[in-house]
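Below is one structure, written out as structure tokens; the observations come after it.
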Amino acid sequence: IADEMSQFSHPIDLSEIADLVKQQLEGEPDLIDLLFIFADLEKSPSPEKLKEDAVKSISDHPLSSLFGASFHDHEGKVIHKSQGANLADDGNIDAIRVQIAQHESLRREIHVSGQIQVARRYIIERNYLGEDIFQELVQHSPFVPRDLIVTYSRGFARFFEGDCISALYILTPMLENSLRHILKMHGHDVTTLDDAKQVQEDRTISALFEQMRPELDQIFGDAIVADIESVFLSKPGPALRHAVAHGLLNDGSPYSADAQYACWLIFRLVCMPLFK
């Protein structure tokens, strides 16, 4: 099926967005302020707003959502299917989920191309950003366990250097660990017990989102939790946690907008408790 598919593109001028980012950064001489501006370039949209926009899009363009869709990987295998919209009900859950995934994919593409890449290059061209610099930063963040400061710092240093392969493969597994760490800090049990074998294991990130979603929403807010889910877990979507864990990415995948957004989002989660 890959031979039967073709690509189409629609160019977007992001120069105005890029200029605004540079203006923000030029007014801050301190490196810590530059890093915090970088971490706060974008805010996660609320799930309610995403659903509203998706329902409106289905209503405005009914034919595009009328039929079901199938999603394929780079080899052409079908990895996800969705049903068409029921226009009498303003679109069913499947169709809304597909619209949200499409809108979010475009938002991430614009954010990475117009803001993240511009700001990263600006900062790295004017400042030394080695692992020691990030260690000085992340050691103060409650999102980073004390025994993972060096690992997080290496991932962020690689990300700012433009080594997206190293950054993605270092930082993606760390997200799961940090979510468990924060939940434990708030007094929640993140383990499961096999009564038959008397074995205790940590919940995976998928299990956390399935079984402890209210707790995550209470700590991080539903917008950030939904953003994490759409980037790392959901299909349709990049589902980066699964792709990284099972070696499903190719050499170019870590340089995609989704992968770079994922690394930036983890950096934002580390910095957010330090903004004040």
Side-chain angles (χ1 to χ4, degrees), residues 39-59 65 69 71 79-83 85 89-112 114-116 141-143 168 171-183 185-186 188 190 203-245 256-273 275:
D40 202 32
L41 285 171
E42 178 86 342
K43 291 178 172 59
S44 302
S46 71
E48 293 80 10
K49 181 68 164 57
L50 290 173
K51 184 176 179 181
E52 261 179 48
D53 292 343
V55 170
K56 184 176 185 302
S57 180
I58 291 173
S59 176
S65 304
F71 297 82
I79 57 174
H80 181 75
K81 283 190 173 183
S82 66
Q83 297 178 354
D89 297 328
D90 294 324
N92 59 24
I93 295 175
D94 244 9
I96 291 173
R97 188 179 294 121
V98 169
Q99 284 293 329
I100 290 175
Q102 291 175 350
H103 292 173
E104 281 295 272
S105 177
L106 179 59
R107 180 184 70 85
R108 291 192 293 265
E109 185 77 45
I110 293 173
H111 177 47
V112 168
Q115 296 183 293
I116 291 178
S141 175
F143 193 76
L168 183 68
L171 295 173
T172 300
M174 295 301 99
L175 174 64
E176 182 173 327
N177 189 302
S178 285
L179 293 177
R180 286 196 297 265
H181 174 67
I182 292 295
L183 285 166
M185 286 177 60
H186 283 77
H188 301 296
V190 295
R203 286 186 171 98
T204 65
I205 189 171
S206 300
L208 293 178
F209 272 75
E210 289 172 2
Q211 302 162 15
M212 304 186 72
R213 185 62 175 263
E215 290 86 346
L216 289 170
D217 286 344
Q218 184 179 15
I219 295 169
F220 295 100
D222 59 355
I224 289 177
V225 173
D227 204 4
I228 294 172
E229 184 178 36
S230 69
V231 175
F232 291 96
L233 300 174
S234 294
K235 291 182 180 180
L240 286 175
R241 185 264 180 186
H242 178 79
V244 168
S256 68
D258 290 328
Q260 292 187 62
Y261 183 90
C263 294
W264 170 85
L265 181 58
I266 295 174
F267 184 72
R268 174 171 171 76
L269 290 170
V270 169
C271 291
M272 281 181 68
F275 282 167

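These values consider heavy atoms only, across backbone and side chains, with no hydrogens, waters or symmetry-generated copies.
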Q.
Taking atom CD as the centre, does Glu48 end up with more than 12 heavy-atom neighbours from other residues, nucleotides or ligands that are less than 6.0 angstrom away?
A. yes
Q) Short question: side chain of Ser256, backbone of Ala259 - any donor-acceptor pair under 3.5 Å? A) yes
Q | Ser46 side chain to Ala223 backbone, donor-acceptor under 3.5 Å | A | no
Q. What are the two closest heavy atoms between Phe220 and Ile182, and how far apart are they?
A. CZ-CG2, 3.8 Å
(Q) Are Trp264 and Phe267 an aromatic pair, judged by ring center distance below 6.0 Å? (A) no
Q: Run through Lys43, Arg108, Arg107, Arg268 and flag the one making a salt bridge (Lys or Arg N to Asp or Glu O under 4.0 Å) with Asp227.
A: Arg107
(Q) Could you measure the distance from the SG atom of Cys263 to the CG atom of Leu175? Nearest 0.5 Å is fine. (A) 11.0 Å
Q) Between atom CD of Gln218 and atom CZ of Arg213, what is the distance when rounded to the nearest 0.5 Å? A) 14.0 Å
Q) Atom CG of Leu106 and atom CD1 of Ile110: how far apart are they, to the nearest 0.5 Å? A) 4.0 Å
**Q.** Smallest separation among heavy atoms of Ser206 and Leu233, with atom names
**A.** OG-CD2, 4.0 Å
Q: Evaluate side chain to side chain contact (heavy atoms under 4.5 Å, CB included) for Val190 paired with Met212, printing each intermediate quantity in order.
A: CA-CA 9 Å; Val190 295; Met212 304 186 72; 4.3 Å; yes
Q. Are any side-chain N or O atoms of Thr172 and backbone N or O atoms of Leu168, one a donor and one an acceptor, separated by less than 3.5 Å?
A. yes
Q.
Show the nearest heavy-atom pair for residues Val225 and Leu216, with the distance to one decimal.
A. CG2-O, 3.5 Å
(Q) Do Glu104 and Pro45 have side chains that approach each other closer than 4.5 Å (heavy atoms only, starting at C-beta)? (A) yes
Q: Check step by step if side chain to side chain contact (heavy atoms under 4.5 Å, CB included) holds for Ile228 and Leu269.
A: CA-CA 10 Å; Ile228 294 172; Leu269 290 170; 3.9 Å; yes
Q) Is it true that Glu176 and Arg180 make a salt bridge, defined as a side-chain N closer than 4.0 Å to a carboxylate O? A) yes
(Q) The test is side chain to side chain contact (heavy atoms under 4.5 Å, CB included); show your working for Ile219 and Met185 and say whether it passes. (A) CA-CA 11 Å; Ile219 295 169; Met185 286 177 60; over 6 Å; no
Q | Considering all heavy atoms, the nearest Ala262-Val231 contact | A | CB-CG1, 3.7 Å
Q. Less than 4.5 Å apart, any side-chain heavy atom of Val244 and any of Phe232?
A. no
(Q) Pair Glu215, His186 - check side chain to side chain contact (heavy atoms under 4.5 Å, CB included), show working. (A) CA-CA 9 Å; Glu215 290 86 346; His186 283 77; over 6 Å; no
**Q.** Contact check, side chains of Thr204 and Arg241, non-hydrogen atoms, under 4.5 Å
**A.** yes
**Q.** N/O donor-acceptor pair under 3.5 Å between Ser178 side chain and His181 backbone
**A.** no
**Q.** Gap between atom CE of Met174 and atom CD1 of Ile266 - 0.5 Å precision
**A.** 9.5 Å
Q) Nearest 0.5 Å, what's the CG-CG distance between Leu240 and Leu265? A) 10.5 Å
**Q.** Close side-chain approach of Leu50 to His103, heavy-atom, < 4.5 Å
**A.** no
Q.
Whether the side chain of Ser234 engages the backbone of Pro236 through a donor-acceptor N/O pair (distance < 3.5 Å, no angle test) should be reported.
A. no
Q: Considering non-hydrogen atoms only, spot the tightest contact between Gln115 and Leu41 and give its length.
A: NE2-O, 3.4 Å
